[in-house]
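Taking it in order: structure first as structure tokens, then the write-up.
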Amino acid sequence: MIGRKIYCFYFQSRLLAGLNSQQWVKELAVGRKVPLQRQRNIGIIAHIDAGKTTTTERILYYTGVSHRMGEVHDGTAAMDWMAQEQERGITITSAATTCFWKDHRINIIDTPGHVDFTVEVERCLRVLDGAVVIFCAVGGVEPQSETVWRQADRYGVPRIVFVNKMDRSGANFHWVVDSIRRRFGVRAVPVQLPLGSEDSFRGVIDLIEERSLEWDGSLLGARYHSREIPPEYAEAVEQAREELLEALADTDDTFMERYLSGVELSPLEIREVLRRATLKLEVVPVLCGAAFKNKGVQPLLDAVVDYLPSPLDVPPVEAQHPEGGRAIREADDEAPFSALVFKVMNDPYVGHLSFLRVYSGRLKRGSSVLNVSSGKMERIGRLLRMHANKREEIEEIRAGDIAAAVGLKQVHTGQTVCDPAHPVLLEAMEFPEPVVSMALEPRTREDQDRMADALRRLTQEDPSFRVTQDEESGQTLISGMGELHLEIVTDRLKREFQVDVRVGAPQVAYRETVTSSARAEGKFVRQSGGRGQYGHVVLQVEPLPPGGGFQFEDRTVGGAIPREYIPAVEAGIREAMARGIRAGFPVVDVRVVLLDGSFHEVDSSDLAFKIAASIGFQEAAKAALPVVLEPLMAVEVVAPEDYLGEVLSDLSAREGEIQGMEMRGSSRVIQARVPLRRMFGYATSLRSLTQGRATFSMQFGEYHPLPLGMAEEVLSSSAARI
């Protein structure tokens, strides 16, 4: 009986999707070519915990892709397939899937909402044609909402808004709409009103059809009823509908004439004008619902079909010829093939997966393509249509498709693959620089070998993840967008790659220098039976300005030291500088002058003068008042005006020196110099201070003397190293 009920839900959901089950299965299996005007490539974007994955799960159920609804809170969501996602209840990596609704194919990418994984949103919006932006009816415009909205603005992506969680206590649809208008400066236009709210939320009112849509809970929300608008909502509906029509009239002169003349406007006419206005980014349609309670998702799918663009509705992609010159690629199956690799992933079953957005032409499995970015030919082994971490083999992909290819072994995120006979280079993607680092240390030699391979694979997958080797400390440093980002990386190392590592904070790269001039003598004499060793130098050490590096000067006269030994003297000085003076850190910003010396016709050698120079430098440097230098970082913080005081106070507490401030739009840009030792953990602290609404960048500025108290502490801790 239970199985029969599940089958009934499954079959009826297919009927509601506008396709019978046999037709749906057949079309999806063979990868039926849907006309481009009936194809949608969309992303689901929002702040964390706004309900992106829950909404996507309902879409998959109502369109017949899934026979059951997965839930984020119990780790059964199909789109959150990683173990780390299921445990934490958050989306970490973007997941792609395909579904059908009313004879339209919809390619969907569910993106993360956490700020540490913003790069996933960035690379998806680069290749998508439209977006559904989800807002919590209680939280409204939250910090990461602003980030993803700006990313959509950067790529000119048309979008619709879904105000989710209308069933929660404190839900306020109109407040959310007003906040969208204020914060983003857009014309957010409701096309629905909520029918009730909080515990009494039962459906939506369609302002275009002037009907109420009510869900009674049957068939897990797959069935809803269209009814007359309740009388108590008549006035609110009339006012909201007038606002909708006025907004559309401002975007279309013909529509304005008909509206002002009092002509009855049909729902079809309203939708056509609303679609054009949405594609031109003149208005943003706003819908509402409660995805977790299975209410409002089907009208959202209707809006995706009605208002978001097909590949034919967006401008042709611009490209460059490898030799120079501009090229255009139309969304046409018969045009030369061109595609952008927007994501790579290591699949444990099929190997290296390259996610492609096809902009023009068609590609069959077994074909060869040119990686324009590297100039190398690659062969396509298999083509796959992805449903989260599940795969379905297909024969070919065409213009407008999003799919994955197996066999592109040397392709990285942002690279272009195309027809070898018609090479073009699509615009690459730009990714933010990592802001947080930590050190990794393998526990065993076997772990060390596996760690190198695992880190190489992870850097291929994630362009915001970097791996470097500190030559001075010997540490392997990993860098990412936040502490959670690196926590996920280390967890994947242990689970996926079976690499056991210890994690720690990286060491600060201190330096040493001198603050005055001093002269010293270095002599290395060793006599034994037979030939001995003899080297003798007189050196003077002088400070240079910050950034001066190292200068060596030979002022010997009269052949005090033969010319062939001068390079050995310089080499000995450089070796001594690398070992440090007092704390064992490399020496910078010094000039060393070779004043005098002596030699022995038999016993002198390169080795003897190298050792003598090293001894002489150490003696002179110790007498020249050496100090420990620390790196000062050039930090730029972009923060809303409301948080300026908190940000400045925190920078001062970190011993930061404010260099300047300026306005950038509605935000303040603060330039400061801050010691690197005080910047660890700053990303998390800044987000906490500003509710995640501030960003910062950091790069090396200059070396500066370490405060006396800190210098003594560093000298004590480094005594064992010297």
Side-chain angles (χ1 to χ4, degrees), residues 45-50 88 90 92 112-122 135-136 138-151 170 176 179-180 182-184 431-438 464 478-488 505-506 508 630-701 707 710:
I45 60 177
H47 184 85
I48 189 171
D49 202 34
R88 292 168 173 80
I90 62 171
I92 292 170
H114 195 284
V115 66
D116 281 12
F117 309 106
T118 300
V119 67
E120 289 285 337
V121 185
E122 185 79 20
F135 293 88
C136 173
V138 179
V141 180
E142 297 174 276
Q144 187 66 2
S145 307
E146 298 183 25
T147 302
V148 298
W149 194 280
R150 288 196 301 266
Q151 289 172 309
V176 175
S179 63
I180 292 172
R182 292 194 313 270
R183 300 282 278 273
F184 303 134
F431 301 107
E433 290 296 316
V435 296
V436 176
S437 300
M438 64 172 57
S464 65
I478 59 173
S479 303
M481 301 308 299
E483 293 178 5
L484 178 60
H485 186 190
L486 297 185
E487 178 186 332
I488 297 298
V508 176
E630 66 174 338
L632 284 186
M633 309 305 289
V635 179
E636 181 179 273
V637 183
V638 181
E641 183 79 23
D642 296 345
Y643 300 99
L644 180 61
E646 290 89 340
V647 172
L648 291 176
S649 297
D650 185 62
L651 288 173
S652 297
R654 295 174 183 271
E655 303 175 33
E657 179 181 342
I658 307 302
Q659 304 287 305
M661 288 189 293
E662 61 183 23
M663 294 295 297
R664 183 181 297 170
S666 59
S667 300
R668 283 274 191 173
V669 181
I670 306 162
Q671 288 94 21
R673 286 283 196 273
V674 189
L676 176 60
R677 61 184 163 82
R678 300 304 305 272
M679 288 301 293
F680 296 125
Y682 183 63
T684 302
S685 176
L686 181 64
R687 289 170 189 163
S688 176
L689 285 172
T690 64
Q691 298 183 13
R693 295 176 61 190
T695 60
F696 83 100
S697 60
M698 181 175 70
Q699 61 184 1
F700 172 73
M710 280 298 304

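Keep in mind it's a predicted model, so treat the numbers as computed, not measured.
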**Arg668 vs Met663, side-chain contact (heavy atoms from CB on, under 4.5 Å): CA-CA, chis, key distance, verdict** = CA-CA 5 Å; Arg668 283 274 191 173; Met663 294 295 297; 3.5 Å; yes

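- Evaluation of the side-chain contact (heavy atoms from CB on, under 4.5 Å) rule for Ser685 yields Asp650, Arg654, Leu689 as partners, not counting sequence neighbours.
- Using the six-membered ring where Trp is involved, Phe135 and Phe184 have ring planes that are tilted, between 30° and 60° apart.
- Between Met661 and the choices Leu644, Val669, Val637, the side-chain contact (heavy atoms from CB on, under 4.5 Å) rule is met once, by Leu644.
- Remark: Tyr643 pairs with no residue by the ring pair (Phe, Tyr, Trp, His ring centres under 6.0 Å) rule, at least two apart or across chains.
- Among residues two or more places apart in sequence or in another chain, the side chain to side chain donor-acceptor pair (under 3.5 Å) test is passed with Arg673 by none.
- Residue Glu662 holds its CD atom at 10.5 Å from CD1 of Ile670, rounded to the nearest 0.5 Å.
- The number of heavy atoms from other shown groups lying within 6.0 Å of CD (Gln659) is above 12.
- The nearest pair of heavy atoms linking Gly480 to Leu486 is N-CD2, 3.6 Å.
- Listed here is the closest heavy atom pair of Val176 and Ser179: O-OG, 2.7 Å.
- Without hydrogens or angle criteria, Ser652 side chain to Leu648 main chain gives a donor-acceptor distance under 3.5 Å.
- Listed by chain and number, the residues in a side chain to side chain donor-acceptor pair (under 3.5 Å) with Glu646 amount to none (sequence neighbours excluded).
- For the pair Cys136 and Ala50, the tightest heavy-atom approach, listed with the atom from each and the gap, is N-CB, 4.3 Å.
- Of all heavy-atom pairs spanning Ala639 and Ala694, the tightest one is CB-CB, 3.7 Å.
- Distance check: Leu632 CG to Arg677 CZ gives 9.0 Å after rounding to the nearest 0.5 Å.
- Atom CZ in Arg678 sits 5.0 Å away from atom CD in Glu655 (nearest 0.5 Å).
- Rounded to the nearest 0.5 Å, atoms CG (Leu676) and OH (Tyr682) are 14.0 Å apart.
- Here the closest heavy-atom approach between residue Ala672 and residue Leu651 is recorded as CB-CD1, 4.3 Å.
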